[in-house]
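Ligands are counted one by one from 1 in listed order, and the atoms in each one are counted from 1 as well. We're numbering straight along the sequence, starting at 1. Because only heavy atoms are used, hydrogens play no part in the values below, and waters and symmetry mates are left out as well, while side chains stay in. Computed from a prediction, not measured in an experiment: that's the story for all the values here.
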Amino acid sequence: MQAGKLVVLTGPSGVGKGTLLRSLLQRHPDLYVSISVTTRAPRPGEVDGQHYYFVNRTEFERMVAGGELLEWAEFAGNYYGTPRLAVEQQVQQGKCVILEIELEGARQVRQTFPTAFRIFILPPSLNELEFRIRNRGQDSEDAIARRLQRARAEIDAASEFDIQIINDDFEKALTEIEAALLAPVHCYSA
Ligand SMILES: Nc1nc2c(ncn2[C@@H]2O[C@H](COP(=O)(O)OP(=O)(O)O)[C@@H](O)[C@H]2O)c(=O)[nH]1
Ligand SMILES: Nc1ncnc2c1ncn2[C@@H]1O[C@H](COP(=O)(O)OP(=O)(O)O)[C@@H](O)[C@H]1O
């Protein structure tokens, strides 16, 4: 793979990764955001092949065994993974590919693709994180508890990443991500 065109975006559930990415894509349509495979049930409004590829555990395990995933992890009781082929094809075509994945997956990518640029998004506080997850209104109490429990360990690992961005003021965080991708990663030109 071409060096420097793979970007990993990690941060606790509910910190705003998806929302930041949607805005980033609007401003920079040339970016390619990888579509993950998951065993999680679709949320209302989520479209198969657009937000995720929704599969059952047997199908997911078949993909793992077949080497079809660049990385994968279990998160809050479900499997999540990055389809390898699409990412490799997009990088070969010169695209800047963004993986929005959790900590274990990010660590795997560091082993297999050490030149990937890795960004960690932090919440202003754990209280605000919990507020955002609840306010989003998409998860059961059990799913919220699992996400918050995982959030603490993820936040503790933030220093493993190339940069840390606090998503407090949304526009400021977006501008910081843009600046990071513009300068060292060359995902697009000014
Ligand atoms: N390792 C890995 N994590 C993923 C992948 N896709 C999504 N995730 C992460 O899985 C976690 C749960 O995602 P999701 O159920 O959509 O919940 P949300 O992040 O709270 O909206 C998040 O931290 C995602 O970044 C993937 O392909 N691989
Ligand atoms: N800077 C911000 N300030 C306040 N709320 C935010 C901010 N960024 C995102 N949100 C909100 O937080 C919730 C979680 O965001 P989301 O993008 O789903 O998080 P993630 O993809 O990291 O799980 C959403 O309701 C979103 O609108």
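- The existence of a salt bridge linking Arg146 and Glu141 is excluded, since no basic side-chain nitrogen approaches an acidic carboxylate oxygen closer than 4.0 Å.
- At a 3.5 angstrom cut-off on N or O pairs, Asp169 does not count as close to ligand 2.
- In Lys17, the part holding a heavy atom less than 4.0 Å from any atom of ligand 1 is the side chain.
- Note on Tyr80: it does not cluster hydrophobically with Phe120, by side-chain heavy-atom contacts below 4.5 Å among ILVMFWY residues.
- Nearest to atom 26 (C) of ligand 2 by heavy-atom distance, out of Ile166, Leu21, Thr19, Leu174, is Thr19.
- Residue, atom and distance of the protein heavy atom nearest to atom 19 (O) of ligand 2 are Gly16 N, 3.1 Å.
- Within ligand 1, the atoms closer than 4.0 Å to a non-hydrogen atom of Ser13 are 18 (P), 19 (O), 20 (O), numbered from 1 in the order shown.
- Atoms of ligand 1 found under 4.0 Å from any heavy atom of Ala73 (numbered from 1 in listed order, with element): 1 (N).
- No more than 12 heavy atoms of other residues, nucleotides or ligands sit less than 6.0 Å from atom CD1 of Ile166.
- In summary, the atoms of ligand 2 found under 4.0 Å from a heavy atom of Pro12, numbered by their order in the structure, are 22 (O).
- Protein heavy atom at the shortest distance from atom 5 (N) of ligand 2 is Arg132 NE, 3.5 Å.
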Practice problem: Would you please test Leu31 and Cys187 for side-chain contact (heavy atoms from CB on, under 4.5 Å) and show each step? | Solution: CA-CA 7 Å; Leu31 295 172; Cys187 280; 3.8 Å; yes
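- Looking at Asn135, Ile121, Asn167, Leu129 and measuring to atom 1 (N) of ligand 2, the nearest heavy atom belongs to Asn167.
- Heavy-atom contacts of Arg136 reach the following atoms of ligand 1: 18 (P), 20 (O), 21 (O) (cutoff under 4.0 Å).
- For ligand 2, the polar-atom distance check finds no N/O of Leu20 at less than 3.5 Å from any of the ligand's N/O atoms.
- Against a heavy-atom cut-off of under 4.0 Å, Gly105 is close to the following atoms of ligand 1: 1 (N).
- If you chain together hydrophobic residues whose side chains sit under 4.5 Å apart, Leu9 and Leu181 fall into the same group.
- Taking every non-hydrogen atom of Thr82 and a distance limit under 4.0 Å, the qualifying atoms of ligand 1 come out as 27 (O).
- Remark: among candidates Phe75, Tyr53, Trp72, the nearest residue to atom 12 (C) of ligand 1 is Phe75, based on non-hydrogen atoms.
- Ion pairing between a basic and an acidic side chain is recognised when a charged N comes within 4.0 Å of a carboxylate O; Arg107 and Glu71 show no such pairing.
- At the shortest separation from atom 21 (O) of ligand 2 among protein heavy atoms lies Gly18 N, 2.9 Å.
- Atoms of ligand 1 lying under 4.0 Å from any heavy atom of Arg40, numbered from 1 in the order shown and given with element: 14 (P), 15 (O), 16 (O).
- In this structure, atom 7 (C) of ligand 1 lies nearest to the protein heavy atom Tyr52 OH, 3.2 Å.
- Across all non-hydrogen atoms, the minimal contact from Lys17 to Pro12 is NZ-O, 3.2 Å.
- Under the 4.0 angstrom criterion for non-hydrogen atoms, Gly11 is not in contact with ligand 2.
- Taking every heavy atom of Asp168 and a limit of under 4.0 angstrom, the matching atoms of ligand 2 come to 1 (N), 2 (C), 3 (N).
- Distances from atom 18 (O) of ligand 2 to the heavy atoms of Glu102, Arg136, Glu128 show the closest one on Arg136.
- Of all protein heavy atoms, the one closest to atom 9 (C) of ligand 1 is Glu102 N, 3.7 Å.
- No donor-acceptor pair closer than 3.5 Å links the side chain of Tyr188 to the backbone N or O of Pro29.
- When non-hydrogen atoms are compared, ligand 1 lies under 4.0 Å from neither the backbone nor the side chain of Glu104.
- The existence of a salt bridge linking Arg43 and Asp139 is confirmed by a sub-4.0 Å separation between a basic side-chain nitrogen and an acidic carboxylate oxygen.
- Nearest to atom 25 (O) of ligand 1 among the protein's heavy atoms is Glu100 OE2, 2.5 Å.
- Taking a cutoff of 4.0 Å between a charged side-chain nitrogen and a carboxylate oxygen, Arg147 and Glu130 do not qualify as a salt bridge.
- Checked against a 3.5 angstrom limit, the closest N/O atoms of Glu154 and ligand 1 fall outside it.
- Hydrophobic clustering (side-chain heavy atoms under 4.5 Å, transitive across Ile, Leu, Val, Met, Phe, Trp, Tyr) keeps Leu122 apart from Phe131.
- Atom 27 (O) of ligand 1 has Ser36 OG, 2.7 Å as its closest protein atom, hydrogens excluded (heavy atom only).
- Ring geometry, Tyr79 versus Phe60: the interplanar angle falls under 30°, so the pair is classed parallel (tilted spans 30 to 60°).
- In this structure, Leu174 and Ser23 approach most closely via the heavy-atom pair CD2-CB, 3.6 Å.
- Compare Arg43, His51, Arg107, Glu71 by their heavy atoms: the one nearest to atom 21 (O) of ligand 1 is in Arg43.
- The hydrophobic cluster containing Val8 also contains Phe113, counting ILVMFWY residues as joined when their side-chain heavy atoms lie under 4.5 angstrom apart, directly or transitively.
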Exercise. Take Arg110 and Glu104 through the test salt bridge (Lys or Arg N to Asp or Glu O under 4.0 Å) and record every step on the way to the result.
Key: CA-CA 10 Å; Arg110 186 169 58 175; Glu104 295 307 325; over 6 Å; no
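- Leu99 and Tyr52 end up in different hydrophobic clusters when Ile, Leu, Val, Met, Phe, Trp and Tyr side chains are linked at under 4.5 Å.
- In the vicinity of Gly81, heavy-atom distances shorter than 4.0 Å reach the ligand 1 atoms 26 (C), 27 (O), 28 (N).
- Using a cut-off of 4.0 Å between Lys/Arg side-chain N and Asp/Glu carboxylate O, Glu74 and Arg57 are scored as salt-bridged.
- Short contacts between ligand 2 and Ser13, defined as distances under 4.0 Å to a heavy atom of the residue, involve ligand atoms 23 (O).
- The closest protein non-hydrogen atom to atom 23 (O) of ligand 2 is Gly14 N, 2.7 Å.
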